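Computed from a predicted structure; not experimentally measured.
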Amino acid sequence: MSKDNIDKKSKAVRRTSIGGQAVLEGVMMKGNRSIATAVRTAGGDITVESKYIKSAKERNVFFRLPFIRGVVNLVTQLFQGTGIILRSAEVYGDFAEPSKFDKWVADKFKINPMNVLMAFSVVLGIVLAVGLFVFLPNFLSGLICDNVAAIAGSPLKSLWYSLIEGGIMIAIFICYILLVTLMKDVRRVFMYHGAEHKVISCYEHGLELTVENAKKMRREHSRCGTTFLFFVVTVSILVFVLINFMLDRCGLLVGNKVLDALIKLGFKLLFLPVVAGVSYELLKLLAKSDCLLVRILRAPGMALQKLTTKEPTDDMLEVSLTAFKTVMAMDENPNLAERKFEISVPYAIARKNAEQVAKDADAADMDWLFAETAGVRRSGLSELKALTKQQYDKVMEIAKLMSDGTPLQYALGNTDFYGIRLAVNKNVLIPRPETEELAERAIAEVSAMQSEGRKIRVLDLCTGSGAIALAVALKSGAEVSASDVSEGALQVARANALNVGADIKFIKSDMWTDIADEFDVIVSNPPYIPTEDIKTLDGRVKGFEPLLALDGGDDGLRFYREIALGLDGHLAKDGALLLEFGINQADAVAEIFADYDTRIIKDMAGIERIAIVKRKI
């Protein structure tokens, strides 16, 4: 059955007070005691935000009086409608970083910048509306009436003035609609406007609320705001006729064109609430009947809807149906939970924004940032479609920390080491993959000794974040101690041990100074970068990681000599010392421990990296 046949043969079989408003990529529906907005996200899903509101009967009786309620409804819709449009824009927005002004407003005045924007938008909208539809018609009609001799000398000048002013208002209104329709986003809003009307009409015709049934409905509706605006223009013409006549007859005009124009403008602004109140009551009255006279009175407004509504797509009707059904359910059941938009950000947009903020971060760090935040494997990023708004905010927060070159691990506040999640900050070195190999070798030495039935004691010298100590303690169950000269590093290490439940004894000591015990296994990754080489390191290393954990003295071997000097007093007879060292330092390390049996081991990259030192037999 065609749309025309439905309209001719089937009148509305049920009435509803549910009304709506098109928003960016969605529709808002408002019922007696609830309001719901459904928006199509950039990822293609529909997300809904809903809340309960006071019903008409619960409002102050004064605000429910005829004519008064029209003014109240207009003001409410201005703020509520603007807020909903801004919220829908947030769902489908470009997710730009807040400006410095936004942050200043939030910090200085402790208010949400979005609320400021909403208030500003309402005020600006009112100013533009007054300028376009009150001041400009008033100004142009004054020029015409004063410069056309036939009108200027007519005893009906006030009537001519009002009629010309009204005609100009209508012309401006139609031109305004035609101009904004040229904008792609506005055309889509007009399509959602049509979807809103079709769904309401589908319900009022007693049809099942489906996309197929809604498609058959007309996109014009008798309770549309466009019709209301036409009534506002019509009523304002009549009211302005009365105002112009009153000003003439009461001698309130002074004969000066500028002053007279301002006086007329002031009185018209004063009577705008009257215009709104009368127009609202007229809209409500004409929506209750469908007789010939009423259809004639509604016809101009319905015709204007041809401009403000466009034929919607099926997915737009689906969004409108979702909003309508949500309001219906909430109006019927006041115990349903309110909902907030589930805002998602397309991965491509999130990635682009994060890379623009952290410009110096490499691709690998960006990969790990998104994998960590989204809770996916790095290999799974190609399948990642979108992030939640919370995940996106976290990504941007971390990217901002990385914008000055801060390493990813410090920005995240953690890193993974040998399957253990470690907290890290600028007090500790970020553990490297090769240090995992050192920890694995230490665990192997401990396990070999434990197989002989011995109770093994382990010392992690220069522990830093506690990475090696934690790995050995958790994987072997040995009795582990860990030392460092930095109190800041020890605080991080203690926190890490507490987080993973590892029982480790921590000692603040400058190398051997405050260590008195003997150990079966001593493991250490001391500073080994030559002092002169520090300045050649990557900026993210030399600029952020602690110099204390990097600088190994003139040749990078200062701490290896200190370890060798105190080793006899701290390594058990059958014990083992395991050391990590830098590239091309193997021979020098072997020379330092020439009095011991020293074995050099290559790492997975084939670089000599680890020394295992034992007493000679």
Residues in side chain to side chain contact (heavy atoms under 4.5 Å, CB included) contact with Val211, at least two apart in sequence or another chain: Lys215, Asp314, Leu317, Glu318, Leu321

Salt bridge Glu311-Arg218, side-chain N to carboxylate O under 4.0 Å: no

Counterpart residues, side chain to side chain donor-acceptor pair (under 3.5 Å), relative to Thr16 (two or more places apart): none

Pairs touching residues 294-335 that satisfy ring-ring contact (aromatic ring centres under 6.0 Å, His included), sequence neighbours left out: Tyr203-Phe324

Which atom of Cys202 lies closest to which atom of Ala214, heavy atoms considered: SG-N, 3.9 Å

Minimum-distance pair of heavy atoms, taken over all atoms of Glu220 and Ser201: O-OG, 4.5 Å

Distance (rounded to the nearest 0.5 Å) between Ser344 OG and Asp45 CG: 6.0 Å

Distance-only polar pair, side chains of Glu204 and His221, donor-acceptor under 3.5 Å: yes

Aromatic ring pairing Phe190/His193, orientation class (parallel under 30°, perpendicular over 60°, tilted between): tilted

Flag, side chain of Gln356 to backbone of Asn353, donor-acceptor distance under 3.5 Å: no

Side chain to side chain donor-acceptor pair (under 3.5 Å) against Ser17, all qualifying residues, sequence neighbours excluded: Asn32

Salt bridge Arg351-Glu355, side-chain N to carboxylate O under 4.0 Å: yes

Contacts of Asn333 that satisfy side chain to side chain contact (heavy atoms under 4.5 Å, CB included) - sequence neighbours left out: Asn335, Leu336

Considering all heavy atoms, the nearest Glu196-Ser320 contact: CA-OG, 3.3 Å

Residue list, side chain to side chain donor-acceptor pair (under 3.5 Å) with Thr326, at least two apart or on another chain: none

Over all atoms of both residues, closest heavy-atom pair of Ala399 and Ala354: CB-O, 3.9 Å

Asp315 atom CG, neighbour heavy-atom count above 12 within 6.0 Å: yes

Check: Met330 main-chain N/O paired with Ser34 side-chain donor or acceptor under 3.5 Å: no

Inter-residue atom distance Arg339.CZ - Thr47.OG1, 0.5 Å rounding: 7.0 Å

For Glu338, all residues meeting salt bridge (Lys or Arg N to Asp or Glu O under 4.0 Å), sequence neighbours excluded: none

Which residues share a side chain to side chain contact (heavy atoms under 4.5 Å, CB included) with Leu182, sequence neighbours left out: Leu179

Residue pair Ile398, Glu372: steps toward the side-chain contact (heavy atoms from CB on, under 4.5 Å) verdict: CA-CA 11 Å; Ile398 294 169; Glu372 173 77 16; over 6 Å; no

Salt bridge (Lys or Arg N to Asp or Glu O under 4.0 Å) contacts touching residues 227-238 (sequence neighbours left out): none

Pairs where residues 324-336 contributes a residue and the test salt bridge (Lys or Arg N to Asp or Glu O under 4.0 Å) is met, not counting sequence neighbours: none

Residues that Leu270 engages under side chain to side chain contact (heavy atoms under 4.5 Å, CB included), provided they are two or more places apart: none

Nearest non-hydrogen partners of Val319 and Val39, listed with the distance: CG1-N, 4.2 Å

Nearest-0.5 Å distance that lies between atom CE in Met396 and atom NZ in Lys389: 10.0 Å

Gly194 versus Arg219, closest heavy-atom pair with distance: CA-CB, 4.1 Å

Euclidean distance, Thr322 OG1 relative to Ile46 CD1, rounded to 0.5 Å: 4.0 Å

With sequence neighbours excluded, residues passing side chain to side chain donor-acceptor pair (under 3.5 Å) with Asp185: none

